[in-house]
Colleague: 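Structure provided below as structure tokens; questions to follow.
The structure presented is a predicted model; accordingly, all values stated were derived computationally and were not measured.
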There are 2 protein chains.
Amino acid sequence: MSLPHALLTSLLERPSSGYDLARRFDSSIGYYWRASHQQIYRELARMEDAGWISSDEVAEHARKRIHRCLPAGEAELRRWAATGDPIPAQRDPLLIRLRAEAAIGGLGLESQVAQRLAEHESRLTAYRAIEARDFAGDLDRRGRVQYAILRAGIMTEESWIEWCQMALATLPDPTDADA
Amino acid sequence: MSLPHALLTSLLERPSSGYDLARRFDSSIGYYWRASHQQIYRELARMEDAGWISSDEVAEHARKRIHRCLPAGEAELRRWAATGDPIPAQRDPLLIRLRAEAAIGGLGLESQVAQRLAEHESRLTAYRAIEARDFAGDLDRRGRVQYAILRAGIMTEESWIEWCQMALATLPDPTDADA
DNA sequence: CAACCCATGTAAAAAGTTACATGATTAA
DNA sequence: TTAATCATGTAACTTTTTACATGGGTTG
């Protein structure tokens, strides 16, 4: 499981409330790891039990708690970082639909591919904006590593955009042309 | 959930035993949907309860059962194909490790990226062999749709190969140069 | 006759999703 | 004062993974 280590990394970057972490998993971190607030709160509780993080109440707030990564948490993160995992499995229902289209035909998938194309283009635009804002000039090593993460996202979106365009050219059935 | 529909598609292509389906999910189908044999057998039982598939014993074999997609199964597949889903969430622990490297450094991720590069190159080679064998000449519509699925795999591997090479150039820390 | 592949399952644990629930703070 | 956002959780359910388990057939 990688969620606790994603959270440890986020807390090392900045001590945060669970709510704040959930928002970050909806935006930047969310590109390569998704987590709902329910998962996050449960995991924060486990990590505090394990002694990896601490949490402090915020005086002005009734409920808000700020979580921090402790040395034991950083040690765990270093231990985990040295372990390997296989390439994560792809699970893409659109490709199942395409395979079904090849098998039985007549599924009318063009609109789904077109919608997918629009979403990838929208994501790419967002990534390009981050790139221009944060990674335009000279970068130190930390900046270069952060930029490498963003470039994984940019390359993914560019690939899928190209693929969707190719698929849109492939899908139309000539025999339907003047139906 | 898309597993039952992936299975229906596979059974439309060819009536099969659960074991055979499991092997196909380890190879070709496995590129875009993973499933263990335990999942597959459970799902086959559910689908038979739902009346989507039938199963026949094989006379020569003690246990082997061949499953077939019934008309109700194909109808369900058509219904499902028209529904949409959001872009599947990415979950890549390697990118978490990279983010941790940006935060605390000294994690020595080069070997993991190098290993990943080798795996992507190996997959690409396998896909290129399928491409040369099955999609070299003129294709009918079915062949073009099948080829589109394969090209999604090829593009993914090519992107990651390029990314890994870029990451390997980024990761080395100059201050460690002559340690 | 041993090792390997074919073939099908059960059980338990972990992870992820969805629905439900509450209450404080802030801005219009 | 009402709606949106901040903030934290519980409960039930579904899905996925891992471990365990069995036994027939084939090949060297």
Colleague: Between P on C:dT10 and CD1 on B:Ile40, what's the gap in Å once rounded to a whole number?
Modeller: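 Rounding to the nearest Å, CD1 of B:Ile40 and P of C:dT10 are 15 Å apart.
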Colleague: Is B:Arg42 touching bases, backbone alone, or none of the nucleic acid, heavy atoms closer than 4.0 Å?
Modeller: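 Result for B:Arg42 = base.
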Colleague: I need the CD-P distance between A:Glu43 and C:dA14, as an integer number of Å.
Modeller: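 Distance check: A:Glu43 CD to C:dA14 P gives 12 Å.
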Colleague: Does a side-chain N or O of A:Arg23 approach OP1 or OP2 of D:dC6 to a distance below 4.0 Å, or not?
Modeller: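 So the side-chain polar atoms of A:Arg23 do come within 4.0 Å of the phosphate oxygens OP1 or OP2 of D:dC6, strictly under.
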Colleague: Taking for each residue the nucleotide of DNA chain D bearing the nearest heavy atom, is the 5' side occupied by A:Arg91 or by A:Gly18?
Modeller: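 In this pair, the answer is A:Gly18.
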Colleague: So, is A:Tyr41 near the phosphate of D:dT8, with a side-chain N or O under 4.0 Å from OP1 or OP2?
Modeller: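 So the side-chain polar atoms of A:Tyr41 do come within 4.0 Å of the phosphate oxygens OP1 or OP2 of D:dT8, strictly under.
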Colleague: Measure from CG on A:Leu21 to P on D:dC6 and round the result to the nearest Å.
Modeller: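 For the pair A:Leu21 CG and D:dC6 P, the rounded distance is 14 Å.
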Colleague: Quickly work out the B:Phe25 CZ to D:dT17 C1' distance and round it to whole Å.
Modeller: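 After rounding, the gap between these two atoms is 16 Å.
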Colleague: Would the distance check show the side chain of A:Arg34 and the main-chain N or O of B:Ala89 forming a donor-acceptor pair, the cut-off being under 3.5 Å?
Modeller: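 No, A:Arg34 side chain to B:Ala89 backbone: no donor-acceptor pair under 3.5 Å.
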Colleague: Rounded off to whole Å, could you give me the CG-to-P distance for the B:Asp85 and C:dT18 pair?
Modeller: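 One finds 12 Å between P of C:dT18 and CG of B:Asp85, rounded.
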Colleague: Given atom CG of A:Leu7 and atom P of D:dT8, what is their separation to the nearest angstrom?
Modeller: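 In whole Å, D:dT8 P lies 13 Å from A:Leu7 CG.
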Colleague: Specify the separation, in whole Å, of atom CZ of A:Arg65 and atom P of D:dA7.
Modeller: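 So the two atoms are 14 Å apart, to the nearest Å.
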Colleague: Please tell me which of the listed nucleotides, D:dT18, D:dT8, D:dT15, lies nearest to the side chain of B:Arg46?
Modeller: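 The nucleotide sitting nearest to the side chain is D:dT15.
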Colleague: Just how far, in rounded Å, is C1' of C:dG9 from CG of B:Leu44?
Modeller: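 Rounded to the whole Å, the gap is 12 Å.
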Colleague: Please state whether the rings of A:His5 and A:Trp52 are parallel, tilted or perpendicular, taking 30° and 60° as the class boundaries.
Modeller: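 A:His5 vs A:Trp52 ring planes: tilted.
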Colleague: Does A:Ser17 reach a base, just sugar-phosphate, or nothing at all? Heavy atoms under 4.0 Å.
Modeller: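 Sugar-phosphate, no base atom in range.
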Colleague: So which nucleotide from C:dT8, D:dA7, D:dT18 ends up closest to the side chain of B:His37?
Modeller: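 Among C:dT8, D:dA7, D:dT18, the one nearest the side chain of B:His37 is C:dT8.
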Colleague: Identify which nucleotide among D:dT17, D:dC6, C:dT17 has an atom closest to any side-chain atom of A:Tyr19, counting heavy atoms from C-beta outward.
Modeller: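 Selected nucleotide: D:dC6.
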Colleague: So, A:Arg142 side chain and B:Ala103 main chain: donor-acceptor pair closer than 3.5 Å or not?
Modeller: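 Side chain of A:Arg142 to backbone of B:Ala103, a donor-acceptor pair under 3.5 Å: yes, one is there.
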Colleague: To check you understand the geometry: which heavy-atom pair defines the closest contact between B:Ser2 and B:Trp33, and what is its length?
Modeller: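 What the structure gives for the nearest pair is CB-CH2, 3.6 Å.
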Colleague: Reading DNA chain D from 5' onward, which residue's closest nucleotide shows up sooner: A:Ala89 or A:Gln38?
Modeller: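 Looking at the nearest nucleotide for each, A:Gln38 comes out on the 5' side.
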Colleague: Does NZ or CZ of A:Arg123 lie under 6.0 Å from the centre of the six-membered ring of A:Trp160, at an angle within 45° of the ring axis?
Modeller: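 Output no; distance or angle outside limits.
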Colleague: Go nucleotide by nucleotide along DNA chain C from the 5' end; which of A:Arg34 and B:Lys64 gets its closest nucleotide reached first?
Modeller: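 First, find each residue's nearest nucleotide; the 5'-ward one identifies B:Lys64.
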Colleague: So, are B:Arg116 and B:Glu119 salt-bridged, with charged N and O less than 4.0 Å apart?
Modeller: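 Salt bridge: no.
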Colleague: Mapping A:Ser2 and B:Ile66 to their closest nucleotides on DNA chain C, which lands nearer the 5' end?
Modeller: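 The residue mapped nearer the 5' terminus is B:Ile66.
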Colleague: Could you work out which one of C:dG16, C:dT8, D:dT17 sits closest to the side chain of B:Gln39?
Modeller: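 Shortest atom-to-atom distance from the side chain points to D:dT17.
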Colleague: Of the candidate nucleotides C:dT18, C:dT8, D:dT8, which contains the atom at the shortest distance from the side chain of B:Arg63?
Modeller: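 In terms of side-chain proximity for B:Arg63, the closest of C:dT18, C:dT8, D:dT8 is C:dT8.
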